[in-house]
Amino acid sequence: MRILITNDDGVNSSGIVAAKDAVRELGDIYVVAPATQQSGIGHALTLFEPMRVSSSNLRDGSEAYSVSGTPTDSLILGMYEIMDEKPDLVISGINIGENLGMAELTTSGTIGAAMEAAAHGVPAIAASIQVTRDDIKFHDGHVDLDFSFAQKVIKRLSKMIIKKGLPEGIDFLNLNIPSHPESHKIKLTRLGKRMYSIHIQKRLDPRGREYYWIAGDPVGVDEEGTDVHVLRYDKCPTITPVSLDCTSDLHLMKDWLE
């Protein structure tokens with residue numbers, strides 16, 4: 001059994017060590033991840049500049065590969081250059097900060113890597129842990145978090161995928177773990193509309209020129225049954241099964257075209 005682990009927080013993140021430790025008994029583990037923090041990079045590929053792969057070590061001293069590119073780059077190089085065969089399972093994470101709602105499917109590098117694995121026929125889990133401190137969400141390196149509950153959930157899901165695969169029509173799982181779980185029950189959820197409302201900060205540099213930061217405030221309410229609502233109000237792990245086929249109902253277009 002071969003398991004490939006990547007992330008978008010960088011190879012020095014505590015979350016990637018936690019992911020490795022969660023599944024270390026299940027097979028041969030390969031860790032291939034971006035050299036630096038890549039949050040928000042989505043499903044991007046590096047096409048116009050060369051990439052380098054360096055042998056590295058995780059914080060626990062175990063072997064890893066550091067890629068001067070995106071999570072999707074790391075996934076592809078791991079699958080087709082570093083490993084002799086395609087993996088049986090990909091785990092992307094554990095991301096520091098939750099990835100919820102429809103918008104995260106295209107902006108999250110964690111989800112982007114899982115999506116790329118699924119496109120190559122490999123089942124994948126995009127795993128994220130909720131945090132309550134904004135200052136550690138985009139930290140490049142070690143953060144002091146308790147990953148023990150998240151590790152148990154990831155190990156359980158990984159064993160299920162290894163044993164029986166994913167159901168027909170489901171390509172990967174988006175898993176979110178609450179920071180302070182009140183229930184061990186894993187709930188199936190649909191994607192919420194949005195995790196954040198957009199907030200743009202406009203400032204002036206020392207020479208009086210305008211510049212901008214894109215930021216966001218957490219949405220106050222989302223519909224019951226969505227990943228946003230369940231994680232924040234039920235405080236239990238959420239799994240959203242995702243299909244790569246984003247095609248809408250073709251019948252909806254017939255009258256419009258005519």
Under 3.5 Å: donor-acceptor pair, side chain of [X], backbone of [Y]:
X    : Y    : answer
D171 : A118 : no
Q130 : S179 : yes
K164 : I161 : no
S108 : T110 : yes
T6   : L75  : no
D222 : G192 : no
D227 : L191 : no

Out of D234, T238, T240, which one pairs with K187 under the side chain to side chain donor-acceptor pair (under 3.5 Å) rule? D234
To the nearest 0.5 Å, what is the distance between [atom1] ([X]) and [atom2] ([Y])?
X    : Y    : atom1 : atom2 : answer
S62  : I29  : OG    : CD1   : 10.0 Å
I154 : I91  : CD1   : CD1   : 6.0 Å
I186 : R156 : CD1   : CZ    : 4.0 Å
D205 : R209 : CG    : CZ    : 4.5 Å
I214 : H199 : CD1   : NE2   : 11.5 Å
I162 : L157 : CD1   : CG    : 11.0 Å

Side chain to side chain contact (heavy atoms under 4.5 Å, CB included) between E210 and L204, intermediate numbers included: CA-CA 5 Å; E210 295 173 349; L204 297 176; 3.7 Å; yes
Charged N to carboxylate O below 4.0 Å: is that the case for K20 and D60?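 Salt bridge present between K20 and D60.
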For residues [X] and [Y]: do they belong to one hydrophobic cluster (side chain heavy atoms under 4.5 Å, members Ile, Leu, Val, Met, Phe, Trp, Tyr)?
X    : Y    : value
V32  : M1   : no
I177 : F147 : yes
L45  : I41  : no
V11  : I94  : yes
M83  : V90  : yes

Are a donor atom and an acceptor atom from the side chains of E116 and H43 found within less than 3.5 Å of each other? yes
Is a donor from one side chain sitting under 3.5 angstrom from an acceptor on the other, for S243 and D245?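 Not at all, the side chains of S243 and D245 share no donor-acceptor pair under 3.5 Å.
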Step by step, work out the side chain to side chain contact (heavy atoms under 4.5 Å, CB included) result for H184 and K152. CA-CA 10 Å; H184 286 206; K152 291 177 183 177; 5.5 Å; no
For D8, which of T72, N95, I111 qualifies under side-chain contact (heavy atoms from CB on, under 4.5 Å)?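 Among T72, N95, I111, the one meeting side-chain contact (heavy atoms from CB on, under 4.5 Å) with D8 is N95.
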side-chain contact (heavy atoms from CB on, under 4.5 Å) partner of N7, chosen from P34, S128, S39: P34
Looking at every heavy atom in both [X] and [Y], which two are closest together, and how far apart are they?
X    : Y    : result
V53  : I82  : CG1-CD1, 4.0 Å
P237 : V153 : CG-CG2, 4.2 Å
V17  : R59  : CG2-N, 4.1 Å
A35  : N12  : O-ND2, 4.3 Å
A124 : A114 : CB-O, 3.7 Å
M51  : G69  : SD-CA, 4.3 Å

For the residue pair [X] and [Y], establish whether any side-chain heavy-atom pair is separated by less than 4.5 Å.
X    : Y    : result
D9   : V143 : no
E104 : E98  : no
T189 : T226 : no

Can you confirm whether more than 12 heavy atoms, excluding those of E224, are under 6.0 Å from its CD atom?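 No, the 6.0 Å shell around CD holds no more than 12 heavy atoms from other groups.
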Do S14 and L145 pass the side chain to side chain contact (heavy atoms under 4.5 Å, CB included) test, and can you show the C-alpha distance, the side-chain angles, and the key distance before you say yes or no? CA-CA 8 Å; S14 304; L145 285 177; over 6 Å; no
Apply side chain to side chain contact (heavy atoms under 4.5 Å, CB included) to residues Y212 and R203 and explain how you reach the verdict. CA-CA 6 Å; Y212 300 89; R203 301 177 184 176; over 6 Å; no
Quick one: ring pair (Phe, Tyr, Trp, His ring centres under 6.0 Å) partners of F48, sequence neighbours excluded? none
Between side-chain atoms of residues 251-258 and protein atoms elsewhere (two or more places apart, or another chain), which donor-acceptor pairs fall under 3.5 Å?
| from | atom 1 | to | atom 2 | distance (Å) |
| --- | --- | --- | --- | --- |
| H251 | ND1 | D249 | OD1 | 3.2 |

Partners of D28 by side chain to side chain donor-acceptor pair (under 3.5 Å), sequence neighbours excluded? none
